[in-house]
Amino acid sequence: MAVVSRLLNALLIPAMLWPVTVLAQRAPPEKPAPPRLQWHLRDTTRAEVWRFFEPKAGGGNPDYWFLANRLFVGADLRARRWEVHAGVQYVQFGWLPAASIGPGPLGTGPQYFDHAGRTDSRQLYVSFLNVKVQNVGASGVSLQLGRMGYASGAESASGDPKIETIKRQRLDSRLIGEFEWSLYQRAFDGARLDVDRPEWHATGAYFQPTQGGFEDRAGAFLKHVHIAAATINLKPGQSRRHTDLQGFVYRYDDTRVVTTRPDNQFVSATKADVHISSAGGSLVGAYPLGTRAQVDILGWFAGQSGHWYGQTHRAGAAAVELGYQRTKAPWRPWIRAGWFRSTGDSDPSDARHQTFFQMIPTARRYSLSTVYNLMNLSELFGQVLLRPHAHLNLRLDVHHLRLSSPADLWYAGSGATQAGGTTFGFAGRRSNGSTDLGAMAEGALDWAASTHLSVNGYLGAMHGGHVVSGTFAGSRLEFGYVETVVSF
């Protein structure tokens with residue numbers, strides 16, 4: 001014992017005489033903070049009112065309204081190097097229209113009814129469940145696995161608030177999206193790898209989307225739809241101040257047992273046979289003009305190749321937009337204008353399919369009325385955004401709409417919603433030999449009434465052109481909704 005005592009004194013007494021700084025340097029490392037758990041609750045209630053184009057004799061009822069509610073409960077568990085995200089949703093409808101189909105669905109109400117076969121469509125399902133691991137193998141590398149959301153164009157944040165606002169409104173989800181505004185929405189099962197560096201961000205992903213959108217059996221994955229994505233973003237920096245650039249390649253393969261074939265050949269199919277790659281890029285910039293104004297630009301293009309039901313597929317689309325905002329003026333007026341054009345098929349009898357295929361988007365970001373999408377479309381639009389109060393935002397849009405090819409169809413829809421059956425997810429009506437689709441005027445209001453309550457409203461009116469009048473007896477459409485969102 002004496003030997004042990006001498007050894008302890010030899011070790012401890014010198015240590016007690018060391019400077020405090022040395023002791024601090026040799027202090028044991030702090031224990032990592034325990035994982036943080038955060039709960040989320042969001043309840044959305046919406047009332048929609050439709051007065052669709054009046055059908056000809058024998059058609060469906062174009063005038064109806066319905067109510068819907070979506071309750072989301074989620075949890076995030078975060079630690080220093082990993083995160084777990086989980087969420088479930090319960091959706092309930094009331095008074096869906098049972099007689100509003102013909103010709104085609106007359107608005108969103110009959111689409112919900114057609115998928116469910118009942119006026120009170122409802123479902124409880126898992127909307128998200130994934131794990132994300134940070135610094136996998138190297139700093140700035142993350143891997144996410146499970147059921148998650150994904151929006152093309154939103155793979156990397158620029159860090160510039162104005163650029164992010166433009167991206168959310170006019171770039172995200174053009175080709176891949178979560179069907180956000182629909183009550184059932186959609187998610188993606190798969191894996192995502194991100195590499196983040198100070199000047200650039202790269203993303204690679206492989207997914208299978210879930211059923212959703214208008215489909216009440218939401219949450220089941222579409223095992224015959226496969227999506228791959230690869231993107232590279234160049235962030236705003238010293239050499240590209242206020243400018244965000246992206247290059248992308250997306251692949252879509254679909255072999256679902258779906259009998260409807262959405263093209264101008266007007267034939268059925270035993271199953272889907274779509275294999276299309278989309279490659280392109282985007283530029284979003286927001287540049288100050290002194291201290292009281294700002295100008296913004298957006299450019300986007302995509303070229304497509306692949307196969308469409310045995311045909312060679314070649315198509316493309318492009319968008320150019322320009323905006324100007326008085327950042328210090330009352331209501332901060334922001335004026336924007338833009339042009340968009342996608343290719344349409346010019347000859348249904350040849351071996352080439354030329355209709356731009358929108359893959360699996362959130363179509364309502366670019367068509368608030370949901371009456372059309374970005375396939376076989378030529379569009380000019382003007383937009384005014386106003387902020388009369390810190391908690392109130394107004395948006396006013398006008399659109400001049402034409403079909404790119406009179407030999408093709410007037411398309412609508414947001415892509416695959418169910419694993420099989422008669423609904424592809426896109427649908428088309430005849431052009432009647434015309435390209436004049438019509439003119440749309442619409443407005444939206446978003447009011448943050450309190451920390452936990454927001455109220456959103458929309459009203460749109462469309463005057464149809466010769467494309468519409470060739471199929472419908474009336475050329476006037478009106479659609480509106482009021483929505484409340486309670487969140488904690």
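In this text the structure is predicted, and so the values were computed from the model without any measurement.
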Spell out, as yes or no, whether a donor-acceptor pair under 3.5 Å connects the side chain of S405 to the backbone of D345.
-> yes

Pair T243, Y287: side-chain N/O donor-acceptor within cut-off below 3.5 Å = yes

Do the non-hydrogen side-chain atoms of H275 and T255 ever get within less than 4.5 Å of each other?
-> yes

Could you grab the distance from atom CG of L401 to atom OG of S369, nearest 0.5 Å is fine?
-> 8.0 Å

Closest contact, heavy atoms only, S404 versus S378 = OG-N, 3.8 Å

Flag for Y184-S121: side-chain donor and acceptor within less than 3.5 Å | yes

Enter the distance from D120:CG to Q92:CD here, rounded to the nearest 0.5 Å.
-> 6.0 Å

When rounded to the nearest 0.5 angstrom, what is the spacing between CG in L403 and CG in D408?
-> 8.0 Å

Would you please say whether a donor-acceptor pair under 3.5 Å links the side chains of T423 and H115?
-> no

No-hydrogen, no-angle side-chain donor-acceptor test under 3.5 Å, E442 and Y458 | yes

Taking all heavy atoms of S342 and all of L374, pick out the closest pair and write down the distance.
-> OG-O, 2.8 Å

Report yes if the side chains of Y125 and V91 come closer than 4.5 Å at any heavy-atom pair, otherwise no.
-> yes

Q383 side chain reached by E321 side chain, heavy atoms, under 4.5 Å = no

Would you say the side chains of R352 and T312 form a donor-acceptor pair under 3.5 Å?
-> no

Below 4.5 Å, heavy atoms only, C-beta onward: do L234 and E199 meet side chain to side chain?
-> no

Side chain of R251, backbone of A228: donor and acceptor closer than 3.5 Å?
-> no

Checking Q304 side chain against A317 main chain: does a donor-acceptor pair fall under 3.5 Å?
-> no

Heavy-atom distance under 4.5 Å between the side chains of L171 and Q246, does that happen here?
-> no

Are Q144 and H85 linked by a side-chain donor-acceptor pair shorter than 3.5 Å?
-> no

Determine whether the aromatic ring centres of Y250 and Y252 lie less than 6.0 Å apart.
-> no

Is it true that the side chains of D273 and H307 contain a donor and an acceptor less than 3.5 Å apart?
-> no

Determine, for F221 and R147, whether the Lys NZ or Arg CZ falls below 6.0 Å from the six-membered ring centre while staying within 45 degrees of the axis.
-> no

Judged by atom type as modelled, is there a donor-acceptor pair below 3.5 Å linking the side chain of K235 to the main-chain atoms of R197?
-> yes

Short N-O contact, K167 and D160, less than 4.0 angstrom = no

Nearest heavy-atom contact between K162 and A286 is CG-CB, 3.3 Å

Side chain proximity check, L385 to Q169, heavy atoms < 4.5 angstrom | yes

Would you call R217 and E215 a salt bridge, taking side-chain N to carboxylate O under 4.0 Å as the test?
-> yes

Answer yes or no for R429 and F472: cation-pi contact, defined as NZ/CZ to six-membered ring centre under 6.0 Å and angle to ring axis within 45°.
-> no

D194 side chain vs D196 backbone, donor-acceptor pair below 3.5 Å | no

Parallel, tilted or perpendicular, as decided by the 30° and 60° cut-offs, for the rings of Y112 and F93 | tilted

Side-chain donor-acceptor contact under 3.5 Å, E155 with H201 = no

With distance as the sole criterion, is a donor-acceptor pair present between the side chains of D43 and N69 under 3.5 Å?
-> yes

Examine distances only and state if a side-chain atom of S152 and a backbone atom of I176 form a donor-acceptor pair shorter than 3.5 Å.
-> yes

Stepwise side-chain hydrogen bond (donor to acceptor under 3.5 Å, both in side chains) check, R186 with T210 = CA-CA 6 Å; R186 74 160 63 95; T210 66; over 6 Å; no

Smallest heavy-atom separation, T270 atom then V257 atom, equals O-CG1, 3.8 Å

Under 4.5 Å between any side-chain heavy atoms of P209 and Y150, yes or no?
-> no

In short, T260 meets P262 closest at the heavy-atom pair O-CD, 3.7 Å

Can we say D446 and R395 salt-bridge, meaning some charged N sits less than 4.0 Å from an Asp/Glu carboxylate O?
-> no

D347 (side chain) donor-acceptor with S349 (main chain) under 3.5 angstrom = yes

So, F52 versus Y64, ring centres under 6.0 angstrom or not?
-> no

Atom CZ of R336 and atom CG of L322: how far apart are they, to the nearest 0.5 Å?
-> 8.0 Å

If we ignore angles and hydrogens, is there a donor and acceptor under 3.5 Å between the side chains of N432 and T471?
-> yes

Any idea which heavy atoms bring S282 and W300 closest together, and the distance?
-> CB-CD1, 3.9 Å

Can a donor-acceptor pair be found between the side chains of S127 and Q185 at a distance below 3.5 Å?
-> no

Please list all pairs passing the ring pair (Phe, Tyr, Trp, His ring centres under 6.0 Å) test where one or both residues lie in residues 408-440, with sequence neighbours left out.
-> F357-F426

Any donor-acceptor N or O pair under 3.5 Å, side chains T435, R402 = yes

Counting N and O atoms only, with roles assigned by atom type, does the side chain of Q265 sit under 3.5 Å from a partner on the main chain of P348, one being a donor and the other an acceptor?
-> yes

Salt bridge between E83 and K132, side-chain N to carboxylate O under 4.0 Å?
-> no

Polar side-chain atom of Q208 near backbone of K223 as donor-acceptor pair, under 3.5 Å | yes

Looking at side-chain heavy atoms only, is the closest gap between F479 and E48 below 4.5 Å?
-> yes

Would S173 and E178 count as having a side-chain donor-acceptor pair, cut-off 3.5 Å?
-> no

How long is the gap from CG on N135 to OG on S142, to the nearest 0.5 Å?
-> 8.5 Å

Is a side-chain N or O of N264 found less than 3.5 angstrom from the main chain of A407, in a donor-acceptor match?
-> yes

